[in-house]
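Single-structure report; data block below.
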Amino acid sequence: MPSLSEAFRAHPVYLHHKHSDFNSLQHKLPDSYAWTQPDSHAYADTNSDNNTVPVIDLKDPNAPNLIGHACRRWGVFQLVNHGVPFTLFTDIQRACLALFSLPLHQKLKAARSPDAVSGYGRAPISSFFPKLMWSECFTILDSPHHLFLQLWPQDHAKYSEIVKDYEAAMKELAAKLMRLVLASLGISKEDVKWAGPRGEFNGACAALHWNSYPSCPDPDRAMGLAAHTDSTLLTILHQNNVSGLQVLKDGEGWVAVPPLSGGLVVNIGDLLHILSNGLYPSVLHRVRVNRSWQRFSVAYLYGPPRNVEVSPNEKLVGPGRPCLYRSVSWKEYLGIKAKHFNKALSAVRISSSINGLFDVKEVQNNDFHVG
Ligand SMILES: C=C1C[C@]23C[C@@]1(O)CC[C@H]2[C@@]12CCC[C@@](C)(C(=O)O1)[C@H]2[C@@H]3C(=O)O
Ligand SMILES: O=C(O)CCC(=O)C(=O)O
Ligand SMILES: [Fe+2]
């Protein structure tokens, strides 16, 4: 969407490091990639059921309740039986492999410029950290045609088709999840101006973000993707069969989100945290890497239309429930995030008084390190 691109033009993200050819770094971890400080959060006890990200079967009649519960307690869940054809995952993974396997000079033909959203490069959050992340990414906003033409002069149409089909399926699923998540908050589609008459959420904005985490010679000292929250309403993530994603669970520590064949990870983003007046946490997550396997993931970052303002829904505000955030559009919020990163939510916060009704997790801290 042009308006999201505008947000980046106003807040360019300059990454001060050159791009890396991970193939040439397979023997020793360069110092620039060594995150030496100790982990600031312990690992959760993996034997406890309390420490397992909920897995929800969308065909389960109880799914709406389970989704509400998972959003409130975790801000994340895994979804199975969601109706997205498995072939879309194999196709998008094939596209990921094809893209990230291209020689660096070829990928750089589609490099993301500092004031743009789309293109190949390092994770946009890299500028907030002194060390480099062991990953590369590719973001698509609008049509990927011009970028794919650079990457694959012969085969661009085939890959554009894969992206089109994948995005269409994600858009439909995201709208369904919005209806369920809002209903779990007691919010009807009539309460959300841009929902449309049948809750189709047609005007939604979305970006498709592909991540590649190559195998790493010293995984314990490296970081695939540093701890962050997404600025979205919802993010729907497909991961290949290599683990690495972790979420921070209140009072527990880092919890792994193991890949489920054909499953999708759904997490709450900052804008839904705002809309829920702090009831649903925007989950902090990160990605660790491993010595043997390349990991891919594809995130569908889903937000409201261009200039629509998101604010705490009035049904969730009242006596004893102060309005915690001012209203903000995704466009404006991306600018705030580009400046303040994990302190962006604090930057739009208007009330700090939280009473017992809220399960607000304050994660406005960007000092996450691995040891
Ligand atoms: C629309 C967007 C959300 C995002 C920034 C972006 O322009 C495209 C990439 C997205 C992503 C993916 C990795 C984590 C994240 C924080 C980042 O740096 O880039 C998110 C951004 C976000 O949700 O704010
Ligand atoms: O690779 C993953 O599992 C997570 C990626 C992610 O957090 C993102 O793209 O925002
Ligand atoms: Fe993320």
Side-chain angles (χ1 to χ4, degrees), residues 1 3-13 15 53 75-76 78 96 100 112-129 133-142 204-214 223-248 256-260 263-273 282-289 294-304 306 328-345 363 366:
M1 290 295 137
S3 63
L4 294 190
S5 313
E6 280 162 24
F8 275 78
R9 270 198 286 282
H11 302 275
V13 176
L15 303 181
V53 172
V76 62
Q78 299 228 55
C96 270
F100 291 113
R112 186 183 68 234
S113 55
D115 61 351
V117 177
S118 296
Y120 168 81
R122 294 189 187 287
I125 58 174
S126 299
S127 60
F128 293 95
F129 296 91
M133 293 172 214
W134 197 260
S135 60
E136 45 188 333
C137 66
F138 183 77
T139 312
I140 301 170
L141 192 67
D142 307 326
C205 270
L208 203 61
H209 187 74
W210 306 7
N211 299 290
S212 163
Y213 308 89
M223 177 60 85
L225 187 59
H228 66 279
T229 62
D230 298 338
S231 66
T232 54
L233 287 167
L234 293 173
T235 301
I236 306 178
L237 183 100
H238 161 71
Q239 41 179 345
N240 72 348
N241 59 355
V242 178
S243 45
L245 175 62
Q246 300 175 337
V247 296
L248 188 66
V257 189
L260 297 177
L264 288 164
V265 182
V266 178
N267 68 268
I268 302 294
D270 295 348
L271 290 184
L272 197 59
H273 173 80
S282 169
V283 70
L284 197 66
H285 52 287
R286 69 178 187 184
V287 179
R288 301 304 308 270
V289 290
Q294 180 169 24
R295 178 169 189 278
F296 293 121
S297 70
V298 177
Y300 183 72
L301 299 141
Y302 183 79
R306 359 184 340 150
V328 64
S329 67
W330 198 13
K331 174 183 159 184
E332 187 198 352
Y333 192 72
L334 279 170
I336 295 171
K337 191 103 177 176
K339 196 165 161 207
H340 299 287
F341 184 42
N342 279 350
K343 293 188 169 68
L345 272 177
V363 292
N366 60 11

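Note: hydrogens, waters and symmetry copies are ignored here, and every other heavy atom, side chains too, is used. Indexing begins at 1, ligand by ligand and atom by atom, following the structure's order.
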Determine the sole option in Thr232, Leu233, Ile236, Leu237 for which the side chain to side chain contact (heavy atoms under 4.5 Å, CB included) test with Leu301 is passed.
-> Thr232

Provide the closest heavy-atom pair for Leu225 versus His228 in the form atom of the first, atom of the second, distance.
-> CD2-CE1, 3.4 Å

Assess the pair Phe341 and Phe129: is the distance between their ring centroids shorter than 6.0 Å?
-> yes

Looking at Gln294 and Phe100, what are the two nearest heavy atoms and their distance?
-> NE2-CB, 4.4 Å

Any protein N, O or S atom under 2.8 Å from the Fe ion (ligand 3)? Found His228 NE2, Asp230 OD1, His285 NE2

Which ligand 1 atoms does His228 reach within 4.0 Å, using its non-hydrogen atoms?
-> 14 (C), 16 (C)

Return the protein residues near ligand 2 (heavy atom under 4.0 Å from any of its atoms), ordered by chain and residue number.
-> His209, Asn211, Tyr213, Leu225, His228, Asp230, Leu237, Leu245, His285, Val287, Arg295, Ser297, Ala299

So, is Thr229 polar-close to ligand 1, with some N/O to N/O distance under 3.5 Å?
-> no

Please list all pairs passing the salt bridge (Lys or Arg N to Asp or Glu O under 4.0 Å) test where one or both residues lie in residues 263-273, with sequence neighbours left out.
-> Asp270-Lys337

Taking the minimum heavy-atom distance to atom 13 (C) of ligand 1, which of Arg112, Lys337, His209 ranks first?
-> His209

By side-chain hydrogen bond (donor to acceptor under 3.5 Å, both in side chains), which residues pair with Ser118, not counting sequence neighbours?
-> none

Ligand 1-proximal atoms of Leu301, by part, heavy-atom distance under 4.0 Å = side chain

Short list, please: which atoms of ligand 1 are under 4.0 Å from a heavy atom of Thr139?
-> 8 (C)

Numbered atoms and elements of ligand 1 in range of Val117, under 4.0 angstrom, heavy atoms = 7 (O)

Nearest heavy-atom pair of Val266 and Leu234: which atoms, and what distance?
-> CG1-CD2, 4.2 Å

